[in-house]
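Notes follow once the structure below has been shown.
Lettering of chains follows the sequences in order, A, B, ..., and the numbering in each one begins at 1. No hydrogens, no waters, no symmetry mates; every other heavy atom, side chains included, goes into these values.
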Amino acid sequence: MKVVLPDNSELELPAGASGLDAARAIGPKLAEQAVLVRVDGRVQDLRLPLADGDTIQLLTMRDREDPDALAVLRHSSAHLLAEAVTRLYPDVKLAIGPPIENGFYYDFDFVEPIREEDLDKIQAEVDRELAEGREWTRQEISRDEAREMFADDPYKLELVDTAEGDISLYTQGDFTDLCRGPHLQDSKPIKALKLTGVAGAYWRGDSNNPQLTRIYGTAFYSREDLEAHLEKLELARARDHRRLGPQLDLFHMSEYSPGSALWTAKGMAIYNALEDLRRRENARRGYSEVKTPLMWDVELWKRSGHWEKYGENLFRIEHGESTYGLKPMNCPGHMLLFNTQLRSYRDLPIRYAEAAVLHRDEPTGSLQGLTRARQFSQDDAHVFCTEDQIQQEIDGMFDYVDFLYDAFGVRELAHAELATRPDNKLGTDEQWDHTEGALRRALERIGLRYRVAEGEGAFYGPKIDFFMDDALGRPWQMGTIQLDGQQPERLGCTYMGSDNREHTPYVVHRALFGSLERFIGILLEHYGGDLPFWLAPVQVRVLPVGEAHLEAARDLAGRLGAFRVDIGEPTETIGKRIRAAELDKIPFTVVYGDRESEQSLAVRERGGEQSELSLAELLARLTPLLPSEV
RNA sequence: GCCGGAGUAGCUCAGCUGGUAGAGCACCUGAUUUGUAAUCAGGCGGCCGUCGGUUCGAGUCCGACCUCCGGCUCCA
């Protein structure tokens with residue numbers, strides 16, 4: 001048989017030859033260094049047979065940054081971890097141990113819980129294995145044999161019973177694990193393996209199942225890569241908004257109100273910049289700003305359907321005979337507002353916007369600074385429209401998203417998820433084809449990366465969620481656009497159609513920033529605190545060289561009144577105040593002393609670049625950076 | 001909510017086996033009048049997360065709770 005190599009040359013091999021055979025046929029060095037074979041783009045264990053006509057690419061330990069090559073290295077590393085743990089804790093039950101984004105984990109069911117300090121012992125055992133060296137062999141067995149073999153391993157047994165395809169085993173030393181593979185030939189390519197932490201994790205990700213102990217680790221093809229990775233993590237931590245926020249005095253947290261930020265004036269400058277933009281654009285795009293109560297009798301939540309599903313997350317206030325709930329969302333309020341008038345089809349679409357304070361009683365363990373808060377505001381809106389208007393409304397929202405992502409320079413951070421028709425859908429496939437297709441086209445039009453979550457839409461319509469990653473690569477849901485065909489009915493929203501009959505309007509629910517708090521958190525991390533000029537809390541700082549220049553500095557600050565300007569009083573050396581301005585991440589610093597005048601200002605940009613500009617030139621430089629120009 | 005880790009000055013952290021709390025930065029005062037990332041000297045500053053227990057004595061040991069961090073679950 002023949003296989004095709006990356007340079008398009010053909011390689012003649014005996015029938016049934018494996019990836020490793022192919023590597024041997026090319027050269028002994030390659031065979032020694034090979035870790036994985038990619039067949040027609042899919043990765044495959046080196047030991048598995050190739051088929052005639054396959055296009056193959058052999059990956060070696062030199063492909064140290066290739067995601068697939070890293071994954072196989074880490075998968076094998078997970079097995080080394082499992083071997084070590086099994087030796088140290090013979091009674092442990094093994095669950096699963098896959099490679100993940102930046103490393104790997106293995107889930108164990110320990111008889112005695114283990115602690116972080118036990119990791120050292122386990123790490124030493126893994127290091128010993130690496131020093132000794134391990135080779136992996138693969139073996140395929142029948143399902144029955146597997147059941148017998150893992151009779152004492154409840155988790156493995158469950159995997160055997162639910163696995164698709166053949167059952168395979170990988171053995172290294174005296175340790176054998178049920179595993180689909182692929183794996184390395186031997187442990188030589190693992191040049192760096194570090195266990196990074198322990199955590200609880202539910203078996204099969206279900207909180208009704210027992211909680212297992214997950215040990216995390218990471219591994220690389222070189223020491224330097226591990227060090228680079230750890231350094232990158234350290235840098236990412238420095239960008240964490242929970243660190244930057246208090247450090248830059250933008251917001252603080254208090255244990256007296258977990259999950260709710262205390263915003264400073266500087267933080268509010270950012271918050272208000274978002275709000276100003278939101279208001280301006282909403283007005284421009286035909287939204288009406290409304291305001292509805294923060295607190296509602298829980299009867300409303302029962303009627304809207306939220307009580308049953310989200311009652312747990314509702315903050316409640318007892319009041320006489322009634323119980324009130326702090327609103328976790330604006331929808332029902334907007335619907336009640338809609339109901340205050342008889343509506344005609346001629347009134348539609350009606351677009352209500354409100355960025356009210358929302359409260360959700362999130363589990364303590366899930367709170368995370370601004371990105372997962374108990375109190376936050378969404379740039380929320382509900383568009384009441386007829387079926388015919390849905391398309392244009394959704395298109396308008398995508399234009400809006402497009403605009404926002406450019407304005408904030410976060411487009412490359414974002415990706416979307418299109419949730420499509422579920423099994424229990426309402427309506428015909430044709431209708432779904434139509435709405436899903438419209439969303440898909442809209443996504444492609446604005447060029448956003450997206451993934452399709454098949455069957456995860458609500459039964460009344462598909463939805464789009466927008467996500468962004470934080471500094472540590474964790475994805476957060478930001479905006480959402482979803483079609484709601486349920487609540488308007490529950491809350492009795494109607495309009496008179498041209499046919500002189502009552503109809504229930506469609507409601508398109510949307511938040512584009514998502515939560516303003518979360519958005520600011522992501523922005524801070526994205527920019528590492530170096531916010532664009534128009535968002536910077538202090539845009540210009542004037543530094544008088546000495547007392548003698550204070551008056552002139554104040555005067556200059558006044559001339560720059562269109563911007564957020566402050567003065568660095570001459571209580572310290574100029575060098576120290578410049579350093580402070582850098583640490584405060586202020587975009588422009590103007591030093592003013594004997595040498596300066598309106599004709600010649602010493603302007604320093606964040607990062608250190610200096611220039612000599614007249615006041616007029618400086619104004620000309622800064623004005624285009626104002627939000628009105630965004 | 002669950003598993004693991006942590007909570008000491010405004011911030012970053014030190015405080016060994018229990019003997020009564022310390023540094024740097026910040027802040028304040030004084031001197032210096034400063035030219036593009038840290039001038040010098042002095043001073044102020046602590047319910048050692050909270051509550052309870054053990055002990056002659058607890059920042060240190062034990063328990064409960066709260067909060068934060070890493071995960072898991074959840075996330076309208």
(message) According to side-chain hydrogen bond (donor to acceptor under 3.5 Å, both in side chains), who are the partners of A:Asp206, at least two apart in sequence or on a separate chain?
(response) A:Asn208

(request) If a protein heavy atom is under 4.0 Å from the base, mark B; if only from the sugar-phosphate, S; if neither, -; do that for nucleotides 68-76 of chain B going 5' to 3'. (result) SSBBBBBBB

(request) Test the A:Arg510-A:Tyr287 pair against the cation-pi criterion, namely NZ or CZ under 6.0 angstrom from the six-membered ring centroid and within 45° of the ring axis. (result) yes

(request) May I ask you to check whether A:Phe533 and A:Phe588 place their ring centres under 6.0 Å from each other? (result) yes

Sequence neighbours excluded and cut-off under 3.5 Å, please list the side-chain donor-acceptor pairs for residues 545-555 of chain A, or say none.
unit_1: A:His549; atom_1: ND1; unit_2: A:Gly546; atom_2: N; d: 2.9
unit_1: A:His549; atom_1: NE2; unit_2: A:Asp594; atom_2: N; d: 3.3
unit_1: A:His549; atom_1: NE2; unit_2: A:Asp594; atom_2: OD1; d: 2.8

(request) Look at all strands and tell whether A:Glu605 reaches a base, only sugar-phosphate, or nothing, counting heavy atoms closer than 4.0 Å. (result) nothing

(message) I want to check a possible cation-pi pair here: A:Arg74 against A:Phe220, using under 6.0 Å from ring centre and within 45° of the ring axis as the test.
(response) yes

(request) With RNA chain B as reference, determine whether A:Thr213 or A:Arg374 sits nearer its 5' end, using the nearest nucleotide of each. (result) A:Thr213

(request) Answer yes when A:Arg374 and A:Asp361 have at least one side-chain N-carboxylate O distance shorter than 4.0 Å, and no when they do not. (result) yes

(request) Mark up nucleotides 37-44 of chain B, 5' to 3', with B wherever a protein heavy atom is under 4.0 angstrom from a base atom, S wherever such an atom reaches only the sugar-phosphate, and - elsewhere. (result) BBB-----

(request) In whole angstrom, give me the gap between the C1' atoms of B:G63 and B:A58. (result) 15 Å

(request) Sort out for me which residue in A:Phe108, A:Phe104, A:Phe110 forms a ring-ring contact (aromatic ring centres under 6.0 Å, His included) with A:Tyr106. (result) A:Phe108

(message) Is any side-chain heavy atom of A:Tyr155 closer than 4.5 Å to one of A:Leu212?
(response) yes

(message) Check A:Arg541 with A:Asp566, please: is the shortest side-chain N to carboxylate O separation under 4.0 Å?
(response) yes

(message) Roughly how many Å apart are B:A26 and B:A38, using the C1' atom of each and rounding to a whole number?
(response) 12 Å

(message) Does anything in residues 231-258 of chain A form a ring-ring contact (aromatic ring centres under 6.0 Å, His included)? List the pairs, not counting sequence neighbours.
(response) A:Phe251-A:Trp263

(request) Describe the nucleic acid contact of A:Leu543 in one word from base, sugar-phosphate, nothing, applying a heavy-atom distance below 4.0 Å. (result) nothing

(request) Please work out which residues in residues 93-107 of chain A have a non-hydrogen atom less than 4.0 Å from an atom of RNA chain B and list them by number. (result) none

